[in-house]
> 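Below you'll find the structure I mean.
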Amino acid sequence: MEYVTLNNGVKMPKLGYGVYQTPSEETERCVLDAIKIGYRSIDTAQAYGNEEGVGNGMKKSGLPREEFFVTTKVWISNAGYEKAKASIEESLRKLQTDYIDLLLIHQPFGDYYGTYRAMEEAYKAGKLRAIGVSNFYPDRFLDLHHFAQIKPAVNQVETHVFQQQKIAKEYMKKNGTQIMSWGPFAEGKNDYFNNPVLKEIGEKHGKSVAQVALRFLLQSDVVVIPKSVQKKRMEENFNVFDFMLTAEEMLQIEKLDTGESLFFSHYDPKTIEWFMSMV
Ligand code: NAP
């Protein structure tokens, strides 16, 4: 495994396993499969409803807790100091652990300054090894970064070959915050797995479209957490450290960037209304 070193010195695997939309009753099995393959970093969230499955999987693997890097996220309904504080305890209980490796604010809505204060406090108390944000576009990212006492170690944002986050990435880099991709395959949107550029490059290396897409992100210094409930695909997604894309191939993939989301924009009022309807 390769690692990145976060702004507080904590080492984080460059490749992890995501469990968004993994049904809670399947999560334990999925996490155990992933661990057997070699994944040690697991990305979940309060909103996914499967933190318990992640905790069970880690426990049942029999591996020591220190082997794992577990990430979870505070949901909007737990925004604000008091609620966030209680939700951190709840996440620790569900994950069956004394500490979380990385805790993120899931969305930049509600009293997220209060949330961040609760996270800073838990970080100082040793309950969190690193703290950060998710879905913070440059405006909100820079605002929070400027006023926070403990600078966000990570910003997890939609990042894949069609949305490479070139501008956002510059601001993160400048401020020492690690970019982490969600949706490295854009959940298959835009006929992702049949993309001719990725296919052709893959054929040259004897690799799949998924492997080329992950390799591109890794070589672009992006941390990735692909999701699959299928063991074969988990394996495929893990086997991305035995080849390198050439500078020319990187350039070809860079040209696929549209600079836009394939999901929704956090600048669009309709997106905000949609998020508010979930609280
Ligand atoms: P993703 O990883 O881009 O794509 C997952 C989809 O691709 C699933 O439908 C999966 O199907 C399929 N797939 C996986 N590997 C494949 C392969 N090798 N070949 C063909 N199909 C493959 O989507 P994601 O789950 O949205 O993103 C990854 C992780 O990021 C999440 O699990 C979550 O941890 C995190 N995330 C965070 C946020 C946030 O707001 N912070 C938002 C979304 C996601 P099968 O499962 O059937 O294999």
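Numbering of ligands and ligand atoms starts at 1, following listing order. The figures that follow rest on heavy atoms only: side chains count, while hydrogens, waters and symmetry mates do not. None of the values given here were measured: they were computed from a predicted structure.
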> Should Asp43 and Lys227 count as an ion pair when the cut-off is N to O under 4.0 Å?
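Salt bridge: no.
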> Closest non-hydrogen protein atom to atom 5 (C) of ligand 1, residue and atom name please, with distance?
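So the nearest neighbour among protein heavy atoms is Lys227 O, 3.5 Å.
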> To the nearest 0.1 Å, how far is atom 32 (O) of ligand 1 from its closest protein heavy atom, and which atom is that?
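It is Tyr20 N, 2.9 Å.
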> Taking atom 26 (O) of ligand 1 as the point of reference, which of Glu187, Gln107, Met180 owns the nearest heavy atom?
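Looking at heavy atoms only, the winner is Glu187.
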> Decide whether a cation-pi geometry holds between Lys270 and Phe264; the criteria are a distance under 6.0 Å from NZ or CZ to the six-membered ring centre and an angle within 45° of the ring axis.
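Judged by the rule (NZ or CZ under 6.0 Å from the ring centre, within 45° of its axis), Lys270 is not positioned above Phe264.
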> Output yes when Lys85 and Glu82 qualify as a salt bridge under the 4.0 Å nitrogen-oxygen rule, no when they do not.
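Here Lys85 does not pair with Glu82 in a salt bridge, since their nearest N and O are not under 4.0 Å apart.
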> What protein heavy atom is closest to atom 16 (C) of ligand 1, reported as residue, atom name and distance in Å?
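Protein heavy atom with the smallest distance to atom 16 (C) of ligand 1: Arg233 CD, 3.6 Å.
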> Are any of the N/O atoms on Ala210, whether in the backbone or the side chain, positioned under 3.5 angstrom from an N/O atom of ligand 1?
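There is no such contact.
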> Considering distance alone, does some N or O of Phe193 sit under 3.5 Å from an N or O of ligand 1?
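In this structure, Phe193 places no N or O atom under 3.5 Å from an N or O of ligand 1.
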> Would Arg65 pass as a cation-pi partner of Tyr99, given that its NZ or CZ must be under 6.0 Å from the six-membered ring centre and within 45 degrees of the axis?
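Positive - Arg65 is close enough to the ring of Tyr99 and near enough to its axis.
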> Is the shortest distance from a Lys or Arg side-chain nitrogen in Lys207 or Asp242 to a carboxylate oxygen in the other one below 4.0 Å?
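The answer is yes: the pair qualifies as a salt bridge.
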> Polar contacts were defined as any N/O atom of the residue lying under 3.5 Å from an N/O atom of the ligand; does this apply to Gly183 and ligand 1?
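The answer is yes, given that Gly183 and ligand 1 share an N or O pair closer than 3.5 Å.
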> Among all protein heavy atoms in this structure, tell me which lies nearest to atom 28 (C) of ligand 1, with the distance rounded to 0.1 Å.
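Looking only at protein heavy atoms, the one closest to atom 28 (C) of ligand 1 is Ile225 O, 3.2 Å.
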> Within ligand 1, which atoms have a heavy atom of Pro226 less than 4.0 Å away?
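Answer for ligand 1: 2 (O).
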> With a cut-off of 4.0 Å, which atoms of ligand 1 are near a heavy atom of His106?
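That gives atoms 39 (C), 40 (O), 41 (N) of ligand 1.
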> So which heavy atom in the protein is nearest atom 3 (O) of ligand 1, and how far is it from that ligand atom?
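Going atom by atom, the protein heavy atom closest to atom 3 (O) of ligand 1 ends up being Phe185 N, 2.8 Å.
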> What residue and atom, counting heavy atoms only, is the protein's closest point to atom 18 (N) of ligand 1, and at what distance?
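For this ligand atom, the closest protein heavy atom is Asn237 OD1, 3.0 Å.
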> Can you find an N/O atom of Asn135 closer than 3.5 Å to an N/O atom of ligand 1?
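Looking only at distances, the answer is yes, because the N/O contact criterion of under 3.5 Å is met.
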> So does Glu121 pair up with Lys124, basic N to acidic O under 4.0 Å?
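Answer for the salt bridge query: no.
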> Does Asp43 reach ligand 1 with a nitrogen or oxygen that is under 3.5 Å from one of the ligand's nitrogen or oxygen atoms?
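Yes; at least one N/O pair falls below 3.5 Å.
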> Starting from atom 38 (C) of ligand 1, find the nearest protein heavy-atom neighbour and note its residue, name and distance.
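So the nearest neighbour among protein heavy atoms is Trp182 CG, 3.3 Å.
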> Answer side chain, backbone, both or neither: which part of Ser134 comes under 4.0 Å from ligand 1, heavy atoms only.
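Side chain only.
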> Of the side chain and backbone of His160, name the one, both, or neither that has a heavy atom under 4.0 Å from an atom of ligand 1.
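Neither part.
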> Among all protein heavy atoms, pick the one closest to atom 48 (O) of ligand 1 and tell me residue, atom and distance.
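Of the protein heavy atoms, Ser228 OG, 2.6 Å lies nearest.
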